A.B. asks: 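If you scroll down you'll find the structure; I have some questions about it.
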Protein chains: 2
Amino acid sequence: MIDETHDPGLESWVDSANRPGCDFPIQNLPLGVFRTPDNGQPRIGTAIGDFVLDASEWIRGETLNGYMALAQQERREIRRQLSKALAKGSERRELIPQASCEMLLPAAIGDYTDFYASIHHATNVGSMFRPDNPLLPNYKHLPVAYHGRSSTIVVSGTPVQRPSGQLGAGVFGASKELDYELELGIFLGPGNRLGEPVAIEAASEQIAGVCLLNDWSARDIQRWEYQPLGPFLAKNFATSVSPWLITWEALAPFRVPPVEHDTPVLPYLQSQSETALDITLEVWLRAAGMPRATRISSSHVRDLYWTVPQMIAHHSSNGCALRPGDLLGSGTVSGPEKSNRGCLLELTWKGAEPLELAPGIVRRFLENGDEVVFSGYCERDGFRRIGFGSCSGMIFPGPQ
Amino acid sequence: MIDETHDPGLESWVDSANRPGCDFPIQNLPLGVFRTPDNGQPRIGTAIGDFVLDASEWIRGETLNGYMALAQQERREIRRQLSKALAKGSERRELIPQASCEMLLPAAIGDYTDFYASIHHATNVGSMFRPDNPLLPNYKHLPVAYHGRSSTIVVSGTPVQRPSGQLGAGVFGASKELDYELELGIFLGPGNRLGEPVAIEAASEQIAGVCLLNDWSARDIQRWEYQPLGPFLAKNFATSVSPWLITWEALAPFRVPPVEHDTPVLPYLQSQSETALDITLEVWLRAAGMPRATRISSSHVRDLYWTVPQMIAHHSSNGCALRPGDLLGSGTVSGPEKSNRGCLLELTWKGAEPLELAPGIVRRFLENGDEVVFSGYCERDGFRRIGFGSCSGMIFPGPQ
């Protein structure tokens with residue numbers, strides 16, 4: 001629902017929030033968990049311009065799980081109150097510079113499920129692993145997914161240790177094919193009871209908000225281990241998420257019709273609503289020793305073959321219980337062009353077409369000291385641009 | 001370590017604990033979480049004979065996560081104290097009949113990982129799904145596993161709703177091939193830090209205890225969805241566990257050498273210790289309308305190709321963090337004989353060889369009203385038999 005909180009003319013008494021191109025104008029109001037050097041207690045805040053406003057007055061707790069458990073209209077009411085408190089004309093409050101905040105994970109994540117919703121990614125990767133059979137017969141009938149690991153989800157900025165593992169029969173060592181995967185993360189709430197599926201038209205009420213997600217992947221470990229039960233150690237050494245929850249309410253102006261399907265789907269996956277999201281994602285890579293990052297790809301969440309409501313309806317179609325704070329990953333967001341490929345596996349075509357970042361600096365996969373930074377934003381004529389902040393991680397070698 | 005708490009001559013002042021064949025003699029002392037009709041507060045207790053002793057004096061909390069986080073020697077000390085308090089000659093304490101206790105999940109389960117450690121199961125199932133290629137090339141090199149769902153793990157006795165799902169292209173309905181899988185569950189603790197693998201010789205310190213686990217599976221959903229990322233909705237509608245944690249300390253007399261491997265494993269999976277467990281598991285099926293259950297199979301945990309320490313060393317070999325309360329499943333425990341097959345898929349060979357439970361009562365897969373009951377025990381000359389209690393679930397139809 002688009003309301004007065006989305007009014008592009010609305011300004012904040014926080015000047016930096018009114019700057020064009022700012023990720024966190026008053027139309028965004030993302031939620032996160034932070035602490036400061038002089039107060040180690042985790043608190044909930046909202047990002048506004050270059051600052052954080054302590055939001056404990058509206059949302060108590062050390063995680064956003066309680067917020068995610070709220071009904072949609074309660075979450076909408078909190079947004080209205082935050083908007084009012086930060087609007088020009090309201091009384092100034094104490095702010096904390098973002099630079100002096102340590103951001104923590106937004107929620108205690110119960111279960112993490114990773115989808116495979118980009119048909120461009122599935123087709124690219126499928127053609128490498130199964131040249132004769134890139135897109136499997138089930139792909140256009142259901143949103144393929146698998147369960148990932150919760151214990152190793154880390155917040156943006158956490159160093160990522162290069163994993164070791166079996167690279168083939170009798171071979172153990174540090175992965176030589178470490179990769180990122182550009183994904184949208186979706187935090188769920190309030191959840192459903194075991195045995196009671198979520199109907200697709202009610203699925204958006206289960207979306208608390210979204211973030212950037214990096215599904216770090218060790219391709220050599222994956223190739224050897226993944227049959228017959230799917231990826232395991234190739235993925236569960238680390239998954240990074242951006243700290244700011246972009247709420248479902250903030251995304252209201254950026255909902256668009258989903259992509260056309262050439263294969264009909266079953267009724268439980270059919271929706272009449274504008275269920276896709278118009279979000280642009282970017283990958284920036286700062287290779288070890290380089291002074292700054294280069295943008296190496298960008299892609300669009302609206303190009304996903306499966307929408308988030310379809311993921312939720314499918315996930316719960318067997319009665320599986322979803323809980324507040326559960327996290328979904330969209331799967332790598334790739335698009336039709338080479339510049340839209342959301343991981344190095346695709347961008348360098350399994351290393352066959354190395355990426356030249358600067359004269360003499362090429363990458364097939366990630367090297368130690370490389371830093372990967374994701375960013376994301378929504379733009380639409382007649383609305384303020386909102387940004388996602390960033391999701392970054394630098395690669396470190398493991399112990400010898 | 002075998003100590004005085006394992007002495008087969010030790011008797012309890014609780015008479016029912018001294019009865020031959022009792023699951024819960026004083027040599028067992030399993031831990032669980034219970035509440036009673038007159039006290040809804042979840043408490044930790046130990047099973048002794050037909051009773052439960054409130055163990056809050058030794059272990060506080062509403063779950064066993066705190067206990068699981070303790071170092072092995074602290075857990076051993078708690079066992080010594082419980083043994084002393086319940087030994088003949090000690091002062092009698094108040095007991096609660098097991099029949100008046102509601103048992104709850106033993107822990108708040110963070111992550112649940114399911115292995116595939118029975119080579120007999122993997123060979124049987126592999127030959128049905130991939131007749132030309134039953135055992136994949138990685139099987140003898142690493143313990144294959146995948147992540148399962150935590151939110152749908154339920155305690156024994158919880159009714160299990162038959163899941164609906166896609167049974168093929170354009171077909172949605174209630175699963176027609178609902179099955180159980182007989183597994184050993186392993187609760188972990190105290191865990192390791194992200195990035196720091198657990199060495200195999202230290203892995204047993206990470207085992208808090210074991211239980212029975214039923215990995216309910218919908219074979220028709222699984223067949224259609226599982227490629228390329230593994231099982232998802234076919235498994236995550238329910239997983240049942242028995243309520244009593246059989247502690248690692250109680251299992252001390254029942255450790256045996258692992259099965260011989262014909263293919264050498266990498267050093268991080270090699271151990272000099274007696275790391276296999278001699279546990280017998282049984283499956284009992286009470287078909288709808290039958291007065292009592294029939295034992296339809298039994299198998300032995302010692303026949304697993306991969307041991308629990310190997311699972312832990314492999315799981316953490318990439319630095320993956322394990323936490324107190326995380327749960328591992330062994331995968332279906334099958335053996336070399338038909339009578340050792342741990343699921344109906346194998347027992348009826350995909351339905352081709354129906355199981356005759358009584359004249360005129362046959363099963364290919366589970367029907368509504370069927371109740372599946374697992375039991376388990378350890379026996380060894382010179383020691384008291386210890387039992388696991390049971391893990392049961394009855395199948396109910398879903399909503400229309």
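Letters go in sequence order (proteins before strands), and every chain restarts at 1. None of the values given here were measured: they were computed from a predicted structure.
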A.B. asks: Is it the side chain or the backbone of A/Gln161 that comes within 4.5 Å of chain B heavy atoms, both, or neither?
C.D. replies: side chain
A.B. asks: A/Ile221, A/Val154, A/Thr152, A/Val160: which one forms the most heavy-atom pairs within less than 4.5 Å of chain B?
C.D. replies: A/Thr152
A.B. asks: According to the side chain to side chain donor-acceptor pair (under 3.5 Å) rule, which pairs have a member within residues 230-239 of chain B, sequence neighbours left out?
C.D. replies: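 Of all non-adjacent pairs touching residues 230-239 of chain B, those that pass side chain to side chain donor-acceptor pair (under 3.5 Å) are A/His147-B/Asn236, A/Asn318-B/Asn236, B/Glu181-B/Lys235, B/Asp215-B/Lys235, B/Ser217-B/Lys235.
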A.B. asks: Strictly distance-based, threshold 3.5 Å: is any side-chain N or O of B/Asn124 a donor or acceptor partner for the main-chain N or O of B/His120?
C.D. replies: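 Yes, B/Asn124 side chain to B/His120 backbone: donor-acceptor pair under 3.5 Å.
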A.B. asks: Is there a donor-acceptor contact under 3.5 Å from the side chain of B/Tyr116 to the main chain of B/Ser330?
C.D. replies: no
A.B. asks: Using heavy-atom distances under 4.5 Å, tell me whether A/Arg130 contacts chain B through its side chain, its backbone, both, or neither.
C.D. replies: side chain
A.B. asks: Would you call A/Asp326 and B/Arg149 a side-chain contact if the rule is heavy atoms closer than 4.5 Å?
C.D. replies: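 SC-SC contact between A/Asp326 and B/Arg149 confirmed.
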A.B. asks: Quick one: what part of A/Leu194 sits under 4.5 Å from any heavy atom of chain B, side chain, backbone, both or neither?
C.D. replies: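 For A/Leu194, the side chain is the part near chain B, not the backbone.
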A.B. asks: If we define contacts as heavy-atom pairs under 4.5 Å, which of B/Tyr139, B/Trp224, B/Tyr146 has the most with chain A?
C.D. replies: B/Trp224
A.B. asks: What class does the angle between the rings of A/His314 and B/Phe232 fall in, given that below 30° is parallel, 30 to 60° is tilted and above 60° is perpendicular?
C.D. replies: tilted
A.B. asks: A/Phe396 versus chain B, heavy atoms under 4.5 Å apart: side chain, backbone, both or neither?
C.D. replies: neither
A.B. asks: Heavy-atom cut-off 4.5 Å, strictly under: side chain, backbone, both or neither for B/Leu136 against chain A?
C.D. replies: side chain
A.B. asks: Can B/His141 and A/Gln166 be counted as having a side-chain donor-acceptor contact under 3.5 angstrom?
C.D. replies: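 Side chains of B/His141 and A/Gln166: no pair found under 3.5 Å.
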A.B. asks: Mind listing the closest non-hydrogen atom pair of B/Ala321 and A/Ser151 along with its distance?
C.D. replies: O-OG, 2.7 Å
A.B. asks: Counting heavy-atom pairs closer than 4.5 Å to chain A, which one of B/Ala145, B/Pro163, B/Ala122 comes out on top?
C.D. replies: B/Ala145
A.B. asks: Only pairs of heavy atoms separated by less than 4.5 Å count here; which of A/Ala108, A/Ala218, A/Pro228 has the most with chain B?
C.D. replies: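 Among A/Ala108, A/Ala218, A/Pro228, the one with the most close pairs to chain B is A/Pro228.
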A.B. asks: Check whether A/Leu142 gets within reach of chain B through its side chain, its backbone, both or neither, counting any heavy atom under 4.5 Å.
C.D. replies: both
A.B. asks: Would you please go through residues 169-178 of chain B and name the residues with a non-hydrogen atom below 4.5 Å from one of chain A, in numerical order?
C.D. replies: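 From residues 169-178 of chain B, the residues near chain A are B/Ala169, B/Gly170, B/Val171, B/Phe172.
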A.B. asks: Check whether any side-chain heavy atom of B/His121 sits under 4.5 Å from a side-chain heavy atom of B/Val333, and report yes or no.
C.D. replies: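 A side-chain contact is absent here, since even the closest heavy-atom pair is not under 4.5 Å.
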A.B. asks: Could you look at A/Leu135 and say if it's the side chain, the backbone, both or neither that has a heavy atom under 4.5 Å from chain B?
C.D. replies: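 No part of A/Leu135 comes within 4.5 Å of chain B.
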A.B. asks: Flag the pair B/Ile153 / B/Tyr112 as yes when at least one side-chain heavy-atom distance between them is below 4.5 Å, and no otherwise.
C.D. replies: yes
A.B. asks: Give, as side chain, backbone, both or neither, the part of A/Leu322 having an atom under 4.5 angstrom from any heavy atom of chain B.
C.D. replies: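 Both the backbone and the side chain of A/Leu322 come within 4.5 Å of chain B.
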A.B. asks: Mind ranking A/Gly195, A/Gly319, A/Pro267 by heavy-atom pairs under 4.5 Å with chain B and telling me who comes out on top?
C.D. replies: A/Gly195
A.B. asks: Between B/Thr113 and chain A, which part of the residue has a heavy atom less than 4.5 Å away: side chain, backbone, both or neither?
C.D. replies: side chain
A.B. asks: Using 30° and 60° as the class limits, which term best fits the ring planes of B/Tyr305 and B/His261: parallel, tilted or perpendicular?
C.D. replies: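 Geometry flag for B/His261 against B/Tyr305: parallel rings.
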A.B. asks: In the structure I gave you, are the side-chain heavy atoms of B/Val241 and B/Ser156 within less than 4.5 Å of one another anywhere?
C.D. replies: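 The answer is no, as the side chains (C-beta and beyond) never meet within the 4.5 Å cut-off.
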A.B. asks: Measure the spacing between CG of B/Asp179 and NZ of B/Lys350 and express it to the nearest 0.5 Å.
C.D. replies: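 Nearest 0.5 Å value for the CG-NZ distance: 13.0 Å.
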A.B. asks: By a 4.5 Å heavy-atom criterion (distance strictly below it), what part of B/Leu229 contacts chain A: side chain, backbone, both, or neither?
C.D. replies: both
A.B. asks: Quick check for you: to the nearest 0.5 Å, what is the distance between B/Trp306 atom CH2 and B/Leu304 atom CG?
C.D. replies: 12.0 Å
A.B. asks: For chain A, which candidate among B/Leu266, B/Thr263, B/Asn138, B/Asp111 shows the most heavy-atom pairs at distances under 4.5 Å?
C.D. replies: B/Asp111
A.B. asks: Return the option, out of A/Pro197, A/Ser150, A/Gly165, with the maximum number of heavy-atom pairs under 4.5 Å with chain B.
C.D. replies: A/Ser150
A.B. asks: I'd like to know which of A/Pro264, A/Ala238, A/Pro231 tops the heavy-atom pair count under 4.5 Å against chain B.
C.D. replies: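 Heavy-atom pairs under 4.5 Å are most numerous for A/Pro231.
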A.B. asks: For A/Phe237, which atoms come within 4.5 Å of any heavy atom of chain B: side chain, backbone, both, or neither?
C.D. replies: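 A/Phe237 touches chain B through backbone and side-chain heavy atoms alike.
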A.B. asks: With side chain to side chain contact (heavy atoms under 4.5 Å, CB included) as the criterion, how do A/Phe115 and A/His315 come out once you've worked through the C-alpha distance, each side chain's angles and the decisive distance to 0.1 Å?
C.D. replies: CA-CA 10 Å; A/Phe115 282 82; A/His315 201 320; 4.1 Å; yes
A.B. asks: Please check: side-chain N/O of A/Gln270 versus main-chain N/O of A/Val265, any donor-acceptor pairing under 3.5 Å?
C.D. replies: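 Yes, the answer is positive, given that a donor and an acceptor are paired below the 3.5 Å cut-off.
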A.B. asks: Quick check on A/Pro137 against chain B: is it the side chain, the backbone, both or neither that has a heavy atom closer than 4.5 Å?
C.D. replies: both
A.B. asks: Between B/Glu225 and B/Ala234, is there a donor-acceptor pair closer than 3.5 Å when you use the side chain of the first and the backbone of the second?
C.D. replies: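 Yes: the side chain of B/Glu225 pairs with the backbone of B/Ala234.
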